[in-house]
There are 2 protein chains.
Amino acid sequence: MRMSDLITQEILRLLNNSEMNIAEIQRNELANTIGCAPSQINYVLSSRFTPEHGYIIESRRGGGGYIRIKRVVLSQSSALMHIVNSIGETIDPMTTRIVIENCLESGLVDGKTARLMAAAVSGNAMQSVPVEFRDYLRASVLKHMLLSLI
Amino acid sequence: MRMSDLITQEILRLLNNSEMNIAEIQRNELANTIGCAPSQINYVLSSRFTPEHGYIIESRRGGGGYIRIKRVVLSQSSALMHIVNSIGETIDPMTTRIVIENCLESGLVDGKTARLMAAAVSGNAMQSVPVEFRDYLRASVLKHMLLSLI
DNA sequence: TATACACGAAAGTCAGGGAAAGTCAATACC
DNA sequence: GGTATTGACTTTCCCTGACTTTCGTGTATA
């Protein structure tokens, strides 16, 4: 069995044992008990516990540091997932506006959130990057924001 | 639990017990009851109770000395304006995190909004633009989002 | 009486070390 | 060719101890 699978298994076990769908680990400790390099943990987290997979990671360095893995429970948020998946590599301002308006109308987000997202991907906000990057950037930022709502 | 967390907790407790949002401590005494080096108190104050975080510190040395921590309460819009103005042309991920956490702790934004903003300016979201633009972009996007809340 | 000075009791500063997580490029394994 | 794995290096955060600065007070002296 592969190391990455062992690590994945262990994290899932912790998540299942938790009422709150939260697993908190110490990187070096876990790496030790499993017997792998600490950085391997990062690899597993960044390849299998991404927001796209329905997980949120937060961490802290230094003494008493930790890594916290939250599993997101899919309910009506699968609608958001659907929207996220429908957004490609790039998105133009017009389509962006439509996506946000749809979210608002379908009640997935409230007015305040919609305005916030619109502000984040507005033309004004993106003037500091060259035109050729903007559609990529807009897609990426929009997707990350939508995922954060899950 | 980390010492810095204990100290933080105790100061917050004192602040919450105070009508005036003022906590007054004696450094050596607090260090003693908690069981840490006195200078550790300074560390906590300078890392978690800064003006950026919405606190003002004043102190006095010598016999009968003290440290006074004041929590500043601003109106929401002026506080947001203040934060926006304090953000320059560029902002690095670290400072960004502090700004957003600050907004959260001071109640300017709720948890959901904080997560949304963090997602919008996360490193992951910005991978599609070259490194040299990211700090400019982050500043711009963050400011636009904050302004949209007013 | 008034001034100066000494001394102790606080808080402040800073360099340094240790503990943890993050990053990345190179390599190994399907 | 893509996925795993590692190790070296970096960054962030925590904590301490030695030393410095500031303040109040008591005391000696002109």
Side-chain angles (χ1 to χ4, degrees), chain A residues 1-11 14 23-53 55-70, chain B residues 1-11 23-53 55-70 91-102 118 122-127 130-131 134-135:
Chain A
M1 189 160 209
R2 258 128 78 231
M3 265 183 178
S4 44
D5 289 333
L6 285 178
I7 297 170
T8 303
Q9 216 172 46
E10 175 62 9
I11 293 176
L14 290 172
E24 189 168 312
I25 62 170
Q26 302 218 211
R27 195 183 69 154
N28 291 346
E29 184 192 301
L30 180 57
N32 223 6
T33 64
I34 288 188
C36 64
S39 54
Q40 177 72 356
I41 310 278
N42 295 83
Y43 170 69
V44 171
L45 289 177
S46 64
S47 63
R48 305 188 188 174
F49 291 86
T50 66
E52 281 81 0
H53 286 104
Y55 297 90
I56 293 173
I57 307 290
E58 56 189 61
S59 69
R60 191 157 194 174
R61 309 185 186 188
Y66 59 80
I67 301 178
R68 201 176 287 152
I69 301 110
K70 290 188 197 171
Chain B
M1 191 162 206
R2 294 197 292 280
M3 257 163 198
S4 45
D5 289 334
L6 286 178
I7 297 170
T8 303
Q9 216 172 48
E10 174 63 10
I11 294 175
E24 188 168 313
I25 63 171
Q26 302 217 211
R27 195 184 69 152
N28 291 346
E29 183 192 303
L30 180 56
N32 224 7
T33 64
I34 288 188
C36 65
S39 54
Q40 178 72 355
I41 310 279
N42 295 84
Y43 168 69
V44 171
L45 291 177
S46 63
S47 64
R48 304 187 188 178
F49 291 88
T50 65
E52 309 257 303
H53 285 92
Y55 297 91
I56 293 174
I57 307 290
E58 55 189 61
S59 68
R60 192 155 194 171
R61 309 184 185 187
Y66 59 83
I67 301 178
R68 201 176 288 151
I69 301 111
K70 290 189 195 172
I91 189 170
D92 61 271
M94 184 61 192
T95 311
T96 303
R97 216 196 68 201
I98 293 178
V99 167
I100 294 178
E101 274 178 10
N102 179 8
S122 71
N124 287 337
M126 305 210 157
Q127 269 173 357
V131 174
R134 289 186 196 161
D135 282 1

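Convention: sequence-line order gives letters A, B, ...; per-chain numbering from 1. Here the structure is a predicted model, which is why all the values come from computation and not from measurement.
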Report, as a single string ordered 5' to 3', how protein heavy atoms within less than 4.0 Å touch nucleotides 17-27 of chain C: B base, S sugar-phosphate only, - not at all. --BBBBBB---
Could you tell me whether the side chain of A/Thr50 reaches within less than 4.5 Å of the side chain of A/His53, counting heavy atoms only?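 Sidechains of A/Thr50 and A/His53: in contact.
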Side-chain touch A/Leu14/A/Glu24, heavy atoms, less than 4.5 angstrom: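 A side-chain contact under 4.5 Å is absent here.
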Under 3.5 Å, sequence neighbours excluded: what are the donor-acceptor pairs made by side chains of residues 37-46 of chain B?
| residue | atom | partner | partner atom | Å |
| --- | --- | --- | --- | --- |
| B/Asn42 | OD1 | B/Arg27 | NH1 | 2.7 |
| B/Ser46 | OG | B/Asn42 | O | 3.0 |
| B/Ser46 | OG | B/Tyr43 | O | 3.2 |

If you look only at pairs with a residue in residues 57-67 of chain A, which of them pass as a side-chain hydrogen bond (donor to acceptor under 3.5 Å, both in side chains), with sequence neighbours excluded?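 Output for this query lists A/Glu58-A/Arg68.
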Out of curiosity, A/Glu29 CD to A/Ile34 CD1, how far, rounded to the nearest 0.5 Å?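 It is 10.5 Å, given to the nearest 0.5 Å.
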Considering heavy-atom distances to DNA chain D, does B/Met3 or A/Cys36 have its closest nucleotide positioned more toward the 5' end?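 Final value for this comparison: A/Cys36.
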With sequence neighbours left out, write down each residue that passes side-chain hydrogen bond (donor to acceptor under 3.5 Å, both in side chains) with A/Ser4, or none if nothing qualifies.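 side-chain hydrogen bond (donor to acceptor under 3.5 Å, both in side chains) list for A/Ser4, sorted by chain: A/Arg48.
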For B/Thr95, side-chain hydrogen bond (donor to acceptor under 3.5 Å, both in side chains) partners two or more places apart: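 Testing B/Thr95 for side-chain hydrogen bond (donor to acceptor under 3.5 Å, both in side chains), a comparison that skips the adjacent residues, returns B/Asp92.
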For A/Phe49 and A/Ile69, which heavy atoms make the closest approach, and how far apart are they?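 Closest approach of A/Phe49 to A/Ile69: CD2-CG2, 4.1 Å.
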Just checking A/Arg68: base, sugar-phosphate only, or nothing, at a heavy-atom cut-off of under 4.0 Å?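 No contact.
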Nucleotide range of DNA chain D contacted by chain B, 5' to 3', under 4.0 Å to a heavy atom?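 Using the under 4.0 Å cut-off, the span is D/dC13 to D/dG24.
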